[in-house]
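Below is one structure, written out as C-alpha cells, with a few remarks after it.
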Amino acid sequence: MRDLVHLAQELENWRNAGTYQSLTILNSEQGSQVEIGNQPSIQLSSNNYLGLTSHPAMKQAAIEAIEEWGVGTGSVRTIAGTFSLHEQLEHELASFKQTEAALVFQSGFTANVGVLASILDERDVVISDELNHASIIDGIRLTKAAKRIYRHVDLGDLERALQENQQARIRLVVTDGVFSMDGDIAPLPEIVEQCEKYGAIIMVDDAHASGVLGRQGRGTVDHFGLHGRVAIQVGTLSKAIGVLGGYVAGSQHLREYLIHRARPFLFSTSHPPSVTASCLKAIQLLQTEEHHIEKLWENTAFFKQGLLQLGFDIGVSKTPITPIMIGNEALAVQMSARLFKEGVYAKAIVYPTVSRGNARIRTIVTAQHSIEELEKGIEMFAKVGKELEII
Ligand code: PMP
C-alpha cells in the first residue's frame with residue numbers, strides 16, 4: 001500500500017523545530033481546574049467564560065431533554081430534524097439579540113461558512129478584516145463574490161475598500177466583534193458609520209462577545225448601542241454559553257433564505273435535544289444570574305494587572321482574552337510546557353492559528369476562577385517567564 005509518507009516527514013520537521021504540540025487530554029469536566037494526565041492544573045485556556053459547561057441547571061436541562069426527547073434527532077433540520085425545542089431556542093436568541101429572527105447552526109464555524117457561502121454571488125464583494133476568524137476566511141473562499149481584505153481595524157483601508165467597490169451590487173463588510181487571538185474589540189460604531197455612508201451591509205461575528213460584552217452578554221452590537229444597524233450577527237453557543245453550536249441573528253427573510261440555501265444547515269444533522277435544551281437554559285441564566293459576567297470582568301482585570309506588573313506584553317487586549325506575546329514559536333511551546341509542569345495549563349498558539357513570528361500563550365480567565373487560583377497562575381508566569389528570560 002502506498003502511504004502518505006510526506007505527512008510523516010512534515011511531522012518530523014515540526015518536532016525538530018520544537019513546534020509540534022500533542023493534543024491535551026482532559027480527564028475531568030471543564031472548570032477552573034482540570035485534570036490532565038493525573039495532574040490537577042489551573043485551566044487558563046478554555047473558552048468557558050462563565051463556567052456554564054458544568055452549571056447544575058445546565059446539566060439538569062440536558063438530562064431532562066434526553067429523558068423526554070431522546071439523544072438524537074435522526075435528520076437534518078429541513079427534512080425531519082426540527083423539534084419544537086430548536087424553534088424555541090431560535091425565538092429566545094432573536095429576542096435576546098433584539099432581531100426579528102435567528103437560525104441555529106451546528107457550530108459557530110458552520111454558521112459563518114453557511115452565511116458567507118450562500119448569500120452573495122458574482123455581482124457582490126465581501127470586505128473582510130485581515131484578522132477575522134478562520135471560519136470567515138473559509139466562508140469567503142466558498143463564495144462566488146469578489147473579496148477584498150482590509151488591514152486590521154484600519155478604518156482608512158476599509159474606506160478605500162468601500163470606495164473601490166461602489167459598482168458591486170452588494171458590499172458586505174465582515175468583522176469579528178472581539179478578535180479571538182488578540183482580544184481587541186472591533187471599532188463597530190465607526191465601521192457602521194462608514195458602511196452607512198457607502199451603503200454597505202455589515203456582518204459581525206460575536207463568538208467571543210456573546211455572554212461577555214453588552215447588557216447580560218448580548219454582544220458587541222448591544223455594547224455599542226447599535227441595534228437595528230447591523231444586518232447579520234453571528235454568535236456561538238460553544239464558548240460563554242457553554243455547550244455547542246452557532247447562530248445567525250437578523251431579519252426574517254435572512255433566516256428563511258438560509259434555511260433554503262445554507263449548505264451546513266441543509267446537509268448536516270441537527271443538534272441533539274440535550275444540546276438545544278441546555279443552550280436555552282444558558283440564555284435564561286444570562287438574564288437571571290448576572291453575577292457570572294460581573295465576576296468574569298473582575299477576574300479579567302485582576303489577572304491582566306498581575307501580568308502587566310510583571311512586565312509581560314499582553315498586546316492590545318480589551319477583553320478576557322489575554323495573550324502573552326512571545327514571538328518565537330519554539331519558545332512559546334517551551335513556556336507552555338514549563339507552565340504545565342508548575343500546574344498551570346496555558347496553551348501556546350503558533351502558526352497557522354496566528355501568523356509566523358507572532359506566537360503567544362493565549363489565556364482566558366473565567367468567572368469560575370478564584371483569586372487564589374489566579375494568584376498562583378500569575379506567580380507561575382513570573383517564575384517561568386524569568387527562567388526563560390521573557391521578562
Ligand atoms: N468565530 C470566532 C471568532 C471564533 O473564535 C470561533 C471559535 N474558535 C468561531 C467563530 C467558531 O465557533 P465554534 O467553536 O462554535 O465553531
Side-chain angles (χ1 to χ4, degrees), residues 23-24 30 45-50 52-53 89-90 93 97 102-117 126 128-142 149 152-153 173-186 188 191 202-214 217 219-221 223 230 232-249 262-265 268-272 275-276 278-279 282-283 315-323 347 349-355 360 362-364 366:
L23 287 177
T24 302
Q30 194 60 272
S45 285
S46 84
N47 296 310
N48 183 25
Y49 288 102
L50 303 176
L52 295 188
T53 57
L89 176 59
E90 286 162 350
L93 285 168
K97 288 283 182 175
L103 189 68
V104 168
F105 283 73
Q106 294 85 350
S107 68
F109 197 106
T110 56
N112 274 331
V113 170
V115 173
L116 288 163
V126 53
S128 176
D129 187 291
E130 68 178 332
L131 292 190
N132 278 341
H133 189 253
S135 53
I136 293 178
I137 296 170
D138 286 7
I140 293 173
R141 286 181 180 152
L142 290 171
I149 309 300
H152 181 51
V153 301
V173 172
V174 55
T175 180
D176 281 4
V178 170
F179 290 88
S180 57
M181 292 301 139
D182 291 286
D184 51 334
I185 305 173
L188 211 50
I191 294 176
I202 309 168
M203 168 168 162
V204 177
D205 172 2
D206 248 352
H208 286 279
S210 306
V212 174
L213 276 178
T220 45
V221 170
H223 173 73
V230 172
I232 307 171
Q233 294 181 60
V234 173
T236 175
L237 301 163
S238 332
K239 302 187 192 295
I241 302 302
V243 196
L244 174 72
Y247 57 91
V248 179
R263 292 170 70 84
F265 185 86
S268 185
T269 297
S270 55
H271 273 168
V275 166
T276 312
S278 38
C279 289
I283 302 300
V316 290
S317 170
K318 292 277 181 296
T319 63
I321 297 172
T322 306
K347 177 91 173 173
I349 308 282
V350 300
Y351 178 84
T353 309
V354 291
S355 55
R360 66 202 61 188
R362 189 191 64 158
T363 61
I364 298 182
T366 72

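Start at 1 and go down the list; that is how both ligands and their atoms are numbered. Note that these values count all heavy atoms, side chains included, but never hydrogens, waters or copies made by symmetry.
- Side-chain atoms of Asn112 and Asp205 form a donor-acceptor pair, as typed in the model, at a separation below 3.5 Å.
- Summarising the geometry, atom CG belonging to Asp206 is positioned 8.0 Å from atom CG belonging to Leu188; distances are rounded to the nearest 0.5 Å.
- A donor-acceptor distance shorter than 3.5 angstrom exists from the side chain of Arg362 to the backbone of Ser180, with no hydrogens or angles considered.
- Ranking protein heavy atoms by distance to atom 16 (O) of ligand 1, first place goes to Phe109 N, 2.9 Å.
- Proximity of a side-chain donor or acceptor of Asp129 to a complementary backbone N or O of Val153 within less than 3.5 Å is detected.
- Interface atoms of ligand 1 facing Ser107, defined by a heavy-atom separation under 4.0 Å, are 15 (O), 16 (O).
- In terms of protein heavy atoms, atom 3 (C) of ligand 1 is closest to Asp205 OD2, 3.3 Å.
- Interface atoms of ligand 1 facing Thr236, defined by a heavy-atom separation under 4.0 Å, are 12 (O), 13 (P), 15 (O).
- Interface of Ala207 with ligand 1, defined as ligand atoms under 4.0 Å from a residue heavy atom, comprises 1 (N), 2 (C), 3 (C), 4 (C), 10 (C).
- By the 3.5 Å distance cut-off applied to N or O atoms, Val178 is not counted among the residues near ligand 1.
- Closest protein heavy atom to atom 12 (O) of ligand 1: Gly108 CA, 3.5 Å.
- At a cut-off of 3.5 Å, with distance as the only test, no side-chain donor of His152 or Asp182 sits close to an acceptor on the other residue.
- The protein non-hydrogen atom at the shortest distance from atom 5 (O) of ligand 1 is His208 NE2, 2.8 Å.
- Every atom of ligand 1 with a heavy atom of Ser180 under 4.0 Å away is listed here by number and element: 5 (O).
- The closest approach between any non-hydrogen atom of Gly246 and ligand 1 is not below 4.0 Å.
- Of the protein's heavy atoms, Lys239 NZ, 2.5 Å lies nearest to atom 7 (C) of ligand 1.
- Side-chain N/O atoms of Thr53 and Asn48 include a donor and acceptor closer than 3.5 Å.
- A donor-acceptor pair is defined here as one N or O able to donate and one able to accept, closer than 3.5 Å; no such pair exists between the side chain of Asp184 and the backbone of Lys318.
- Here the side chain of Ser210 pairs no donor or acceptor atom with the backbone of Gly219 at under 3.5 angstrom.
- Listed by number with element, the atoms of ligand 1 under 4.0 Å from a non-hydrogen atom of Ser238 are 13 (P), 14 (O), 15 (O).
- Note: Ser128 OG to Ile140 CD1 = 3.5 Å, rounded to the nearest 0.5 Å.
- In terms of N/O distances under 3.5 Å, ligand 1 is not approached by Asp176.
- Checked against the 6.0 Å centroid criterion, the rings of Phe179 and His133 do not qualify as a close aromatic pair.
- Closest protein heavy atom to atom 9 (C) of ligand 1: His133 CE1, 3.4 Å.
- Close approach to Ser135 involves these atoms of ligand 1, each under 4.0 Å from a residue heavy atom: 10 (C).
- Taking a 4.0 Å cut-off on heavy atoms, Gly245 registers as neighbouring ligand 1.
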